[in-house]
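Here is the naming used below: chain letters follow the sequence lines, and residue numbers restart at 1 for every chain.
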Number of protein chains: 2
Amino acid sequence: MSTESLFKALADPNRRKILRLLKKTSLSAGEIADHFTITRASMSHHFNVLKSADLIRSNRHGQNIVYSLNVSVFEDLAAIMFDLFKPSLKGENSNED
Amino acid sequence: MSTESLFKALADPNRRKILRLLKKTSLSAGEIADHFTITRASMSHHFNVLKSADLIRSNRHGQNIVYSLNVSVFEDLAAIMFDLFKPSLKGENSNED
DNA sequence: TAGATAGTTTGATAAATATCTAATTATCTA
DNA sequence: TAGATAATTAGATATTTATCAAACTATCTA
């Protein structure tokens, strides 16, 4: 279910924009929301999807919830991509679904 | 729309399995379908999604339609991933959506 | 402690998607 | 050319998803 949730999370332009914003620095939910026109409820939904895919982490700081990018997923994604595209060797089999 | 269709195409386990099958060698629609339990109509739908994302190519050989992996998308995907995760430099901006 | 502020959760709805069966198209061969 | 085979397209349905408004939770501060 992890590869599944990862690609589904990445398959939405708003969520990719969130990730790009978090590349520079961690940001609170409100700071992120300021870059979008959809409601904060909808933003929360996207935060949840990204968290479920382990693409972001959250920490409360007082009234704010601060989100940060989990860069370690980058490695996972790379591995998945190799699994999908790399010419396979004799007897090699995939773990992924 | 291209990044969009790419991730959406990859967000389905049946479609990822199709790509993995095509890593080794090109295969006809029927040969691919033999590895699945869903109907051939459903398989055709998945082929269409993968073709729209430019992940596979198709060529008719007599009665068969032979599908092959388009490995050049691997590079596109790598670029998109860097855009999403790589720490950005001063004044740098993304082209993606 | 009573607002005010930041954010999430709930419930509803419209749009997208995966699947199926049935019908259609393209090609081969007897 | 008629039937058989390979595959796709069309139409229908159930599930998932993105979004919103409203209600709720957590924290701060006067």
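Under a cutoff of 6.0 Å and an axis angle of 45°, K17(B) and F36(B) form a cation-pi pair.
Nucleotide dC28(D) holds its P atom 11 Å from the NE2 atom of H61(A), rounded to whole Å. Following rounding to the nearest Å, I18(B) (CD1) and dA7(D) (P) show an atom-to-atom distance of 13 Å. Across the protein-nucleic acid pair, I56(A) atom CD1 and dT8(C) atom C1' stand 13 Å apart, rounded to whole Å. Rounded to an integer number of Å, the gap from H45(A) NE2 to dT16(D) C1' is 10 Å. For I32(B) and dA6(D), the CD1 to C1' distance is 13 Å, given to the nearest whole Å. In this entry the distance linking CD of Q63(A) with C1' of dA4(C) reads 8 Å, nearest Å. The distance between atom CG of D12(A) and atom C1' of dA15(C), rounded to the nearest whole Å, is 13 Å. Atom pair R40(A):CZ and dA22(D):P shows a separation of 17 Å (rounding to whole Å applied).
Side-chain N/O atoms of S42(A) include one lying less than 4.0 angstrom from OP1 or OP2 on dC20(D). Contact annotation: Y67(A) does not reach the phosphate of dA6(C) (side-chain N/O to OP1 or OP2, under 4.0 Å). OP1 or OP2 of dC20(D) has at least one side-chain nitrogen or oxygen of T39(A) nearer than 4.0 Å. Of the side-chain N and O atoms in R15(A), one or more sit less than 4.0 angstrom from OP1 or OP2 of dA18(D). Neither OP1 nor OP2 of dG7(C) sits under 4.0 Å from any side-chain N or O of S44(A). In this model, the phosphate group of dA6(D) is not approached by any side-chain N or O of S28(B) to a distance below 4.0 Å at OP1 or OP2. A sub-4.0 Å separation between OP1 or OP2 of dT5(D) and a side-chain N or O of N64(B) is absent.
Under the 30°/60° scheme for interplanar angles, the aromatic rings of F74(A) and F82(B) are found to stand perpendicular.
Salt-bridge annotation for D12(B) and K8(A): absent, with no side-chain N of the basic residue lying under 4.0 Å from a carboxylate O of the acidic one. For the pair E96(A) and R20(B), the salt-bridge criterion is not met [side-chain N within less than 4.0 Å of a carboxylate O].
Residues M43(B) and R60(A) each lie close to DNA chain D; by heavy-atom proximity, the contact nearer the 5' end of the strand is made by M43(B).
Heavy atoms of A41(A) sit under 4.0 angstrom from at least one base atom.
The CG atom of N70(A) sits 12.0 Å away from the NZ atom of K51(A) when rounded to the nearest 0.5 Å.
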